[in-house]
There are 2 protein chains.
Amino acid sequence: MASSMLDRLKAGGKKLTKPRKAILAVLEQSPLPITAADVHDRLKAQRKPADLVTVYRNLAMLQELGLVNTVGLHDGQMRYEVRHGREHHHHIQCRGCGKIVDLMLCPIKKLTALVEAKTKFAVDSHTLEFFGWCPQCR
Amino acid sequence: MASSMLDRLKAGGKKLTKPRKAILAVLEQSPLPITAADVHDRLKAQRKPADLVTVYRNLAMLQELGLVNTVGLHDGQMRYEVRHGREHHHHIQCRGCGKIVDLMLCPIKKLTALVEAKTKFAVDSHTLEFFGWCPQCR
DNA sequence: GTGTTACATGCAAGTCACTTGCAATTGTAA
DNA sequence: TTACAATTGCAAGTGACTTGCATGTAACAC
């Protein structure tokens, strides 16, 4: 696990419990954003089961500390991905099979100043997700 | 109500019931996307109450016919806005008070071809929402 | 090591947005 | 006016996520 993550946990007064370490490991092993239920299932598969509530609480905590990003794809559940060492990016999801692919691009940075000028808001984040049909499903 | 909406309903074999007309009117009167609960409340305020289930079913139907857009802002509920006569656009929401403002811009069209080339997906839609702090809340 | 304590966990129950089953109602077109 | 399919309202169900609370356990001091 990246030591920066351990440092951030320590700085937040968080303990390194067994379930917590297992949850972090699952997140780090996943190249794509996954749901709380996914994390729960993988913990069970690895014979390190933790309560789904514990998963939810840890994901919320990691998000507050800025260690994970959330990805909402409008299918009624949040997905989570570790932030550490990864560039800001977006995703595309297939409407057929649900497959998610990373898109290592973001055209929004240049736009933020324009949005701020138009709205007088202080913009602090944005979401951008694409939907369509993957090669297998179209 | 825009006659195109009536035409589309008719073409879809839909009846023009009283609750349905009232729901459409509420949507058309709202300049910003609103939730099913919002629609339900406004119907009650207008003395044209309809069951929340009826609201949900009509919103789903209108979305299928392409007469309304859905807007997901990651607060656990969908919002709906009529499509008729409005350009494709996005939104910004205040993290403090929840206020939503229309952003009449979209930088994504030009990007779609690039995304399709990179992923081999057939892109058919995208979501883009901004979050920040409005002038009153920051 | 032992003790202390604040943070964490697991279970049960609760919440909230949304959906489904079904009997009763109502547009619509013949 | 009749007939039938679409629609509605109510009740109950679903699924993601949250909260309350008693028990468990890192982490730090001794």
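A note on names: the letters A, B, ... follow the listed sequences, proteins ahead of strands, and every chain is numbered from 1.
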Between A:L43 (CG) and C:dT9 (C1'), how many Å, whole number?
13 Å

If I take atom CG in residue B:D38 and atom C1' in nucleotide C:dC18, what distance separates them, rounded to the nearest angstrom?
15 Å

CD1 of B:I34 versus P of C:dA17: gap in Å, rounded?
15 Å

Taking only residues two or more places apart in sequence, or in another chain, which ones meet B:R42 in a side chain to side chain contact (heavy atoms under 4.5 Å, CB included)?
B:V26, B:S30, B:I34, B:D38

Check the side chains of A:H126 and A:H90 for a donor-acceptor pair under 3.5 angstrom, ignoring hydrogens and angles.
yes

Group every Ile, Leu, Val, Met, Phe, Trp and Tyr by side-chain heavy-atom contacts under 4.5 Å, then state whether B:M61 and B:L27 land in the same group.
yes

Base-contact (B) and sugar-phosphate-only (S) positions in nucleotides 15-22 of chain D, heavy-atom cut-off under 4.0 Å, - elsewhere
-SBBBB--

Nearest-Å distance for atom pair CG/P, residues A:L65 and C:dC7
13 Å

Separation of atom NE2 in B:H74 from atom C1' in C:dA17, rounded to whole Å
15 Å

Could you state the CD1-P distance from B:I23 to D:dT7, rounded to the nearest angstrom?
12 Å

Nearest-angstrom distance from the residue atom CE of A:M61 to C1' of C:dT9:
12 Å

For B:T54 and B:R20, which I'm curious about, is there any donor-acceptor pair between the side chains at under 3.5 Å?
no

For B:K99, does the NZ atom have more than 12 heavy-atom neighbours from other residues, nucleotides or ligands under 6.0 Å away?
yes

Can you tell me how far apart CG (B:D102) and CD (B:E87) are? Round to the nearest 0.5 Å.
11.5 Å

Enter the distance from A:Q93:CD to A:F130:CZ here, rounded to the nearest 0.5 Å.
13.5 Å

Is A:T54 near enough to C:dA8 that one of its side-chain N or O atoms lies under 4.0 angstrom from OP1 or OP2?
no

Sub-4.5 Å side-chain heavy-atom contact between B:P107 and A:L111:
yes

Separation of D:dT7 P from B:L59 CG (nearest whole Å):
14 Å

C:dT26 OP1/OP2 closer than 4.0 Å to side-chain N/O of B:R20:
no

Take the angle between the ring planes of B:H74 and B:F131 and call it parallel below 30°, perpendicular above 60°, tilted in between.
tilted

Where along nucleotides 24-30 of chain D does protein come under 4.0 Å, by heavy atom, of base (B) or sugar-phosphate alone (S), with - for untouched nucleotides?
-BBS---

